[in-house]
Amino acid sequence: MFRNAFALAFLAAILLPARTYAPVLDVTSLDTSVDPCTDFFTYACGGWLKNNPIPPDKTSWGAVAKLADDNKVLLREILEEAAAGGAGRDPVKQKIGDYYAACMDESAIESAGAAPLKDALEQITRMRSKRDIAQVVAGMPGLGVPFVFQSDQDYKNSSQVIAEVDQGGLGLPDRDYYLKTDTKSVELRRAYVAHVQKIFELLGDAPGEAASEAQTVLRIETALANGSLTQVERRDPKMLDHKMSLRDLEALSPSFRWKEYFSVAGQPGLQSLNVTAPNFFKTLNATLKKEDLPGWKAYLRWQLASANAPYLSSAFVDANFAFFGKTLTGTEQLEPRWKRCVSYADNDLGEALGQAYVQRAFSPEAKQRAQKMVRQIEEAMQQDIDSLSWMSPATKQHALEKLRTVANKIGYPDKWRDYSALAIAREDYTGNVLRARRFEFNRQIAKIGKPLDRGEWGMTPPTVNAEYRPQLNDINFPAGILQPPFFDPGADDAPNYGDTGATIGHELTHGFDDEGRQFDAQGNLRDWWTAEDGKQFDERASCVSDQYSQYVAVDDIKINGQLTMGENVADLGGLMLAYMAWKTETHGRKLESIDGFTPEQRFFIGYGQSWCDQTRDETKRLYAITDPHSPDKYRANGVVSNSPEFQQAFQCKAGSAMVREKRCRVW
């Protein structure tokens, strides 16, 4: 492990590969035939979209996906070197190398077929009554079947970790896939049943039996879907806070043997927990009583096989991709095996793989520059809160306390995760996946009843993403996203702040969006707003929701403005904060035009090009139901149409599409 700046700098000089980076602002990505005041997204990204069609193995293709793909090339180099390193490797390289080698051993995986699931399948088959379901599902950790058991922070006491059960058990992405009656949804359910039947046939069932079992699976999952909260309901943390005793939970679902389940799952003395969706567990009880034992056996066999299909022989992999890839998302081809193995290694051993990644891809200079930008944007947020006319002094005081308490996690963790208890075998790939899943489940469950570790990360270092976590009150910026074209410490400040600066501002604003604002500085679910200030916020947030609800996501489906409200509010606030921070950073400098664009125009083009992306229609439909983010086009146009600074930079006139008559602003 190398944590001090000198060691990292020395390693970076030796190990950083010669990589070709796209610039933070790419003039070839523009389409200057389009008026930026009419359609800024196409102006900023039209050239990129024409020159970058969606690859056949992708659901979408944009700057984020391309960087993630580029990162996989480097991760592949790291994994192949570790796999070939021999007996002299350190324990971390041995684990990631053996994992990758096992994943790439297609002949061994092909020979095994479904054999890695044999013990679990036999346990399901041996069930003698529905009372045995508790013990069987406790032996399938990490699958969320027929519900999710996990650890989480206590909503009212964020310093403590408690047990939690949550809704789960569905094979399709969301409850709405089972309940909507439009033609497309009916077609998808029909295709889903055919896919479930195919998996049963691969497990050895006769076609007629498999067809009947598939209908049973749909019936059980539809019942569970009827008891599940919607995506919009789950955005309100108060809807998810129901602390109960074990006896209370047993009263909700008396047909399920909870004590036996918790004992097998590793929490034999559990007496209290959070039940996020009480109605779901009432529905689960009714479904347990209604469906017979053969039906539950079919459901559990399906869930087990489906969750592991990507890691089994090609027959399972191909069947899984045919539905979840082609039918559900429109992807034309399966990713090459090496890309899948890189992703699986990052998922199961992310902080082990991340150690080697940051040595090669994330210089101390980049970390220091990103940290400076974060501090500047936090200062801009403080200025913004101080200047708000609609917020009372009392609420401002609490807001500023929360802002000052935000923990900034940049690049990689201060302490790496210990994987020494996880056994990785070079000749047993699916076994590695099963053991890694159990290892992570046990790691999470072991936190119950213990103080919170606020230093833990939720993302791996190579991840091309960022997040804010309201219960931890922290922002996470992995090294993976702090790369060109999003961030380059040597690039012009204007697009750097327009791109990564806006993303930092976005994550910071999440602490004060419709969901994040309900948590205080310590991450406790507590209303620290005066009634009038809360009303003022809701009015401003409703403006944003109403705006985005008018945009079409795909076909005749409009954006769900309530589902996407938090992300839209964060986009709007993030850009404004980044602009303020950029102006502070460049105050007193004489800024010149570059490539014919003023500094202000370059700032906004940097922002616009962060959203260069195109997505398959099938995936757009999926996102419209499940994704709290708006389509990328509207993450560009929807935001700048509310920005007077943008309109001034491009001299947009009143009445232009990018000039909203009713401007929305929350922060």
Side-chain angles (χ1 to χ4, degrees), residues 153-160 237 367-411 413-415 451-459 466-478 482 497 500-530 533-534 536-537 540-541 566 569-585 587 665-667:
Q153 289 172 257
D154 187 334
Y155 277 102
K156 298 292 173 49
N157 181 9
S158 65
S159 65
Q160 293 296 310
K367 180 166 185 170
Q368 292 161 10
R369 188 71 184 89
Q371 289 171 326
K372 179 183 178 183
M373 192 178 288
V374 170
R375 289 193 298 269
Q376 289 173 325
I377 289 170
E378 288 173 340
E379 291 168 3
M381 185 81 180
Q382 179 174 337
Q383 295 171 24
D384 178 59
I385 292 171
D386 283 334
S387 68
L388 291 176
S389 60
W390 58 269
M391 182 178 280
S392 68
T395 304
K396 283 184 181 182
Q397 183 177 348
H398 288 297
L400 291 171
E401 178 190 1
K402 181 171 184 177
L403 176 63
R404 287 191 290 267
T405 312
V406 172
N408 300 320
K409 297 177 178 177
I410 308 298
D414 292 329
K415 180 181 179 182
L452 175 70
D453 177 7
R454 290 188 178 271
E456 186 174 351
W457 277 57
M459 291 180 165
E467 67 176 347
Y468 170 82
R469 296 181 291 182
Q471 288 179 274
L472 283 160
N473 194 25
D474 68 0
I475 56 175
N476 295 249
F477 271 82
L482 295 171
Y497 279 78
T500 290
T503 306
I504 294 169
H506 169 102
E507 300 304 337
L508 191 61
T509 305
H510 270 316
F512 305 87
D513 68 13
D514 61 306
E515 180 180 1
R517 79 177 189 88
Q518 299 185 57
F519 295 87
D520 65 16
Q522 286 70 46
N524 297 310
L525 184 59
R526 181 175 69 84
D527 190 359
W528 45 271
W529 295 65
T530 67
D533 289 345
Q536 290 282 348
F537 176 92
R540 284 161 172 75
V569 168
D571 283 343
L572 189 59
L575 183 65
M576 180 203 68
L577 293 175
Y579 191 85
M580 292 172 64
W582 171 62
K583 283 296 187 181
T584 299
E585 169 68 12
H587 180 70
R665 178 174 174 178
V666 181
W667 298 101

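Please read all numbers here as calculations on a predicted model, not as lab measurements.
- For the pair Tyr155 and Pro237, the tightest heavy-atom approach, listed with the atom from each and the gap, is CE2-CB, 4.0 Å.
- Using a 4.5 Å cut-off on side-chain heavy atoms (C-beta onward), Leu452 and Gln471 make no contact.
- With rounding to the nearest 0.5 angstrom, the NZ atom of Lys396 is 11.5 Å from the CD atom of Gln382.
- Taking the side chain as every heavy atom from C-beta outward, Arg404 and Leu400 approach each other to under 4.5 Å.
- Applying the side-chain contact (heavy atoms from CB on, under 4.5 Å) criterion to Lys372, with sequence neighbours excluded, gives Arg369, Arg375, Gln376, Glu585.
- Residues Leu403 and Leu508 have side chains in contact (heavy-atom distance under 4.5 Å, counting atoms from C-beta outward).
- Counting only heavy atoms from C-beta outward, the side chains of Trp457 and Glu467 never approach each other to under 4.5 Å.
- Considering every non-hydrogen atom in both Gly516 and Pro470, the closest pair reads CA-CB, 4.3 Å.
- To the nearest 0.5 Å, the span separating CG on Asp533 from CE on Met391 amounts to 6.0 Å.
- Taking CG of Asn157 as the start and CG of Asn524 as the end, the distance is 6.0 Å to the nearest 0.5 Å.
- Atom CD of Gln371 is surrounded by more than 12 heavy atoms from other residues, nucleotides or ligands within 6.0 Å.
- Residue Val666 comes nearest to Phe537 through the heavy atom pair CG1-CE1, 3.5 Å, listed as atom of the first residue, atom of the second, then distance.
- Within the 3.5 Å criterion, the main-chain N or O of Gln522 finds no donor-acceptor partner in the side chain of Asn473.
- No donor-acceptor pair closer than 3.5 Å links the side chain of Lys367 to the backbone N or O of Gly411.
- Under the 3.5 Å distance criterion, the side-chain polar atoms of Gln536 are left unmatched by any main-chain donor or acceptor of Trp390.
- Here the side chain of Lys409 pairs a donor or acceptor atom with the backbone of Glu456 at under 3.5 angstrom.
- His510 has its side chain within reach of His506: a pair of non-hydrogen atoms, C-beta onward, lies under 4.5 Å apart.
- In terms of heavy atoms, Tyr468 sits closest to Ile475 at CD1-CG2, 3.7 Å.
- Of the possible polar contacts, one joining the Trp528 side chain to the Phe519 backbone as a donor-acceptor pair under 3.5 Å is found.
- Among residues at least two apart or in separate chains, salt bridge (Lys or Arg N to Asp or Glu O under 4.0 Å) pairs with a member in residues 504-525 are Arg235-Asp514, Arg235-Glu515, Arg517-Asp538, Asp520-Arg526.
- Contact record, Ala466 with Pro478: CA-CD, 4.3 Å, taken as the closest heavy-atom pair.
- Here the CG-OG1 distance, from Leu575 to Thr503, works out to 10.0 Å after rounding to the nearest 0.5 Å.
- In this structure a side-chain-to-backbone donor-acceptor pair under 3.5 Å is missing from Asp154 to Gln160.
- Here the shortest heavy-atom pairing between Leu572 and Arg665 reads CD2-CA, 4.0 Å.
- Put simply, OG1 on Thr584 and CD on Gln383 are 5.5 Å apart, with the number rounded to the nearest 0.5 Å.
- The distance from the CD1 atom of Ile504 to the CZ atom of Phe477 is 5.0 Å, given to the nearest 0.5 Å.
- A donor-acceptor pair under 3.5 Å is absent between the side-chain atoms of Lys402 and the main chain of Phe512, judged by distance alone.
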